[in-house]
2 protein chains.
Amino acid sequence: MAVHVLAVLAYKEGDRVTSALLAASINTNPVIVRRLLLALQRAKLVETGKGAGSGSRLSRSPGRINLAQIYRAVEDCEPFATPSRKPNTACPVGHCIRRTLDKVFASAESALERDLEKTTLAGVITAVQASGNCTRKKGH
Amino acid sequence: MAVHVLAVLAYKEGDRVTSALLAASINTNPVIVRRLLLALQRAKLVETGKGAGSGSRLSRSPGRINLAQIYRAVEDCEPFATPSRKPNTACPVGHCIRRTLDKVFASAESALERDLEKTTLAGVITAVQASGNCTRKKGH
DNA sequence: ATTATATGTAACTGTTGTTGTTACATTATT
DNA sequence: AATAATGTAACAACAACAGTTACATATAAT
């Protein structure tokens, strides 16, 4: 979803786009978009102005934004579930397995991010444009 | 959590362990464990018998089970969120971005799995055993 | 055979996280 | 000053998951 927002922003390169417009594009509520934009601002991927006639725009060119950056900005927690209950400390496995698995999962996640780094926002956009009959200009 | 179950099973190599015992070890309910075991059975990672004095055991040695297999057995859906609402079809980005992102995410997930493949269940166990003062024998 | 034991499964509850919605204070442009 | 936009809070709706209880079924032990 974050990628979608940024892709629309990339379309309007340089122009400031309001959260209302972005929300209409991805068919959701402006507040949802703003919450997303807050995370993207923190990651310095977008710049957002406040007053009338303002809105958001990319803070760099789409070629300089990759999906790993977006992933890190938005997905704050790990993709692996952490059990709600504490493991049984009387069990030798239960006591220490978490620390071990955390290492393994950190490695796996960094492998995932390294793969995402290979795709830039610009790459996504050209792929979208190339993928068939979606050539109509934006209507809004 | 699934890894935890399998690690306990690996400890008792060959022995059949009941879901009640496994549940006590990871501090949860036997039914939760059984639901997990169903998935692991489907993936041919464990064998489960039904009657009295029965239970579950690994279907291969811990060295021949890697975390990617466990991940695939348990995490049936992708780690990437799919938006609930359909994108606005009037927007050229919204219309085609899903197909594009699916490819990218599939690639990222396979990178994740390739990394998980590098760690076997046996590797997890030796790491757990090596990680400090967790040397007490299992109490159950 | 009968009994004891363990799984498979259904139905329900509770919790958590996410999305969506409304409302409003704040801030910048015009 | 008026307008238009964000930031943010509070809450409802919803889905996903963990947990619980209950019970039918199947196997092993006696």
Side-chain angles (χ1 to χ4, degrees), chain A residues 1-5 8-9 12 15-43 45-57 59 71 73-88 94 140, chain B residues 1-5 8-9 12 15-43 45-57 59 71 73-88 94 140:
Chain A
M1 193 152 111
V3 183
H4 192 161
V5 166
V8 175
L9 286 179
K12 316 261 199 171
D15 292 12
R16 317 210 85 145
V17 186
T18 71
S19 61
L21 221 67
L22 290 167
S25 168
I26 71 177
N27 226 21
T28 184
N29 195 288
V31 176
I32 306 290
V33 173
R34 275 179 235 154
R35 292 205 272 241
L36 256 177
L37 288 171
L38 289 177
L40 297 173
Q41 285 163 35
R42 263 179 250 122
L45 296 178
V46 304
E47 295 169 353
T48 301
K50 295 198 75 169
S54 188
S56 300
R57 69 181 173 196
S59 58
Y71 175 78
V74 173
E75 307 282 334
D76 42 342
C77 59
E78 309 134 30
F80 301 101
T82 43
S84 51
R85 300 212 175 174
K86 301 300 168 199
N88 183 350
H140 306 289
Chain B
M1 194 150 110
V3 183
H4 193 162
V5 167
V8 176
L9 286 179
K12 316 258 196 174
D15 292 12
R16 316 209 87 145
V17 186
T18 70
S19 61
L21 222 67
L22 290 167
S25 168
I26 71 177
N27 225 22
T28 185
N29 195 288
V31 176
I32 307 290
V33 172
R34 274 179 237 154
R35 292 205 272 241
L36 256 177
L37 288 172
L38 287 177
L40 297 172
Q41 287 165 34
R42 263 179 250 121
L45 296 178
V46 303
E47 295 169 354
T48 300
K50 296 198 77 170
S54 187
S56 301
R57 68 180 173 198
S59 58
Y71 175 79
V74 173
E75 308 282 334
D76 42 341
C77 60
E78 308 137 30
F80 301 100
T82 43
S84 50
R85 300 211 175 175
K86 302 299 169 201
N88 184 351
H140 306 288

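All heavy atoms count here, side chains included; hydrogens, waters and symmetry mates do not. Order of the sequence lines sets the chain letters (A, B, ...), proteins ahead of strands, with each chain counted from 1.
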Using the side chain to side chain contact (heavy atoms under 4.5 Å, CB included) criterion, which residues pair with A:Gln41? Sequence neighbours excluded. A:Leu37, A:Leu38, A:Val46, A:Thr48

Is any side-chain nitrogen or oxygen of B:Gln41 closer than 4.0 Å to OP1 or OP2 of C:dT7? no

Spacing of A:Asp15 atom CG relative to D:dA5 atom P, expressed in whole Å: 14 Å

To the nearest 0.5 Å, tell me how far A:His4 NE2 sits from A:Leu9 CG. 10.5 Å

Please list each protein N or O that sits under 3.5 Å from an N or O in nucleotides 25-29 of chain D, with the distance.
from, atom 1, to, atom 2, distance (Å)
D:dT27, O2, B:Ala52, N, 3.1
D:dA28, O4', B:Ala52, O, 3.4

Partners meeting side chain to side chain contact (heavy atoms under 4.5 Å, CB included) with A:Thr18 (sequence neighbours left out): A:Ala20, A:Leu21

Let me know the distance between CG of A:Asn29 and P of D:dT6, rounded to the nearest Å. 12 Å

Name all residues meeting the side chain to side chain contact (heavy atoms under 4.5 Å, CB included) criterion together with A:Ala39; count only those two or more places apart in sequence or in a different chain, and write none if there are none. A:Arg42

Rounded to whole angstrom units, what separation is found between the CZ atom of B:Arg42 and the P atom of C:dG8? 10 Å

Near-strand residues of residues 32-40 of chain B, defined as heavy-atom separation under 4.0 angstrom from DNA chain C: B:Arg34, B:Arg35, B:Leu38

List the residues meeting salt bridge (charged side-chain N to carboxylate O under 4.0 Å, His left out) with A:Arg34, not counting sequence neighbours, and say none if there are none. none

Distance below 4.0 Å between B:Ser19 side-chain N/O and C:dT7 OP1 or OP2: yes

